[in-house]
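Just so it is clear: chains get the letters A, B, ... in the order the sequence lines come, proteins before strands, and each one is counted from 1.
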Amino acid sequence: MTGYQPHPWHLVEPSPWPLVGGSAAFTLTVGLVMWFHYNSISLMILGLVMIVATMIQWWRDVIREATFQGCHTSYVLSGLRRGMVLFIVSEVFFFLAFFWAFFHSSLAPTVELGVTWPPVGVHPLNAFAVPLLNTAVLLSSGVTVTWAHHALMEGKRTEAIQSLAITVMLGLYFTGLQAWEYYEAPFTIADSVYGSTFFVATGFHGLHVIIGSTFLMVCLGRQVFYHYTSSHHFGFEAAAWYWHFVDVVWLFLYVCIYWWGS
Amino acid sequence: MSDPEPGTYKVAEVKTAPFDARFPNTNQARYCWQGYIDFHRCTNIRGEDYEPCQYFKHVYRAMCPKSWSDMWDEQRESGTFAGRV
């Protein structure tokens with residue numbers, strides 16, 4: 001793009017990533033079918049590699065457009081903000097479905113479960129052990145990500161890097177604790193509707209923590225490479241919104257499933 | 001009871017379980033479950049011959065599909081029944 005542009009919009013240029021991404025999604029879908037029906041994971045691995053490669057290169061292009069080509073004007077940013085808000089709203093409803101399943105099963109437990117929750121024979125995790133530590137870890141990470149944001153806005157580069165690094169480490173610590181908790185759990189996803197609702201809800205939350213940590217790690221790398229200014233850092237803000245969302249989902253999981261549900 | 005008059009029918013008295021305010025819903029599965037539990041708790045405590053326990057048997061026989069109570073009988077024998085009896 002050269003010369004004068006008489007409008008503030010970002011008119012995107014032709015890109016291979018939508019088509020490649022679509023092919024990757026198709027490959028992954030067929031790969032999953034191959035895995036489920038024929039126990040063969042090669043096509044699924046190919047699909048996953050294609051998805052990850054598409055994500056890396058597509059978002060690399062977005063970073064170039066934002067940071068080096070100046071395509072993200074205030075008008076464009078307004079659209080990005082709305083898009084991120086709508087995306088997070090859709091994620092809220094995604095998790096709402098799992099909470100619905102949980103309460104459907106737990107508020108009026110069926111006769112097969114012994115009419116009690118947790119069901120007869122299921123020994124839930126102690127909510128006041130590792131899950132409480134995890135609550136503290138995620139709440140702390142919410143504080144440190146806000147600390148990073150204020151450091152960024154005030155141009156305190158080193159402080160922003162340090163606080164963002166602490167946030168990422170807290171996110172990884174949470175994931176590690178959850179992995180350990182899963183390994184130690186006395187029930188599995190196959191142990192009644194308790195196991196199903198527990199592992200689907202907490203598992204998807206864990207996946208979102210991993211995605212949020214990755215998002216924050218990208219922000220940390222971009223901060224180290226001077227991509228952000230004190231007033232132009234929407235990538236970081238989007239990551240922080242997402243992180244807070246994941247944090248809030250955990251609070252509901254903790255109170256409903258770990259605490260009340262045990 | 002005297003024999004019925006020739007040419008008349010004797011109709012056996014068939015009664016279902018009465019309405020129980022603890023189970024006001026159309027779905028009566030829980031009434032069936034509670035009747036089954038109550039009967040076995042009752043006989044475990046008071047013995048098979050304790051007449052009042054028969055009321056609960058009447059309830060679960062009326063409310064439960066037979067396949068359910070049969071299945072629970074098998075589960076009690078094998079020690080996998082979910083209820084506390």
S.K.: Tell me the salt bridge (Lys or Arg N to Asp or Glu O under 4.0 Å) pairs involving residues 22-40 of chain B, sequence neighbours left out?
M.R.: B:D20-B:R22
S.K.: Which of residues 68-85 of chain B have a heavy atom under 4.5 Å from any heavy atom of chain A?
M.R.: B:W72, B:A82
S.K.: Determine whether more than 12 heavy atoms belonging to other residues, nucleotides or ligands lie under 6.0 Å from atom CH2 of A:W35.
M.R.: no
S.K.: May I ask you to list the residues in residues 48-66 of chain B that approach chain A closer than 4.5 angstrom, counting heavy atoms only, ordered by number?
M.R.: none
S.K.: For atom CZ of B:F19, decide whether the heavy atoms of other residues, nucleotides or ligands shown that lie under 6.0 angstrom number more than 12.
M.R.: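 For B:F19, atom CZ is crowded (more than 12 foreign heavy atoms under 6.0 Å).
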S.K.: Report all side-chain donor-acceptor pairs from residues 201-211 of chain A shorter than 3.5 Å, counting only partners two or more places apart or in another chain.
M.R.:
residue	atom	partner	partner atom	Å
A:T202	OG1	A:Y182	OH	2.6
A:T202	OG1	A:F198	O	2.7
A:H205	NE2	A:V246	O	2.9
A:H208	ND1	A:F204	O	2.7
A:H208	NE2	A:E91	OE1	3.2
A:H208	NE2	A:E91	OE2	2.8

S.K.: Quick check on A:W17: does its CH2 atom have over 12 non-hydrogen neighbours (other residues, nucleotides or ligands) under 6.0 Å away?
M.R.: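 More than 12 heavy atoms, drawn from other residues, nucleotides or ligands, come within 6.0 Å of this atom.
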S.K.: Assess whether atom CD1 of A:I189 is packed by more than 12 heavy atoms of other residues, nucleotides or ligands within 6.0 Å.
M.R.: yes
S.K.: Counting only heavy atoms not in A:W59, do more than 12 sit closer than 6.0 Å to its CH2 atom?
M.R.: no
S.K.: Should we say atom CZ of A:F128 is surrounded by more than 12 heavy atoms from elsewhere, each under 6.0 Å from it?
M.R.: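 More than 12 within 6.0 Å, yes.
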S.K.: Are there more than 12 heavy atoms of other residues, nucleotides or ligands under 6.0 Å from atom CZ of A:R81?
M.R.: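 Count over threshold, so yes.
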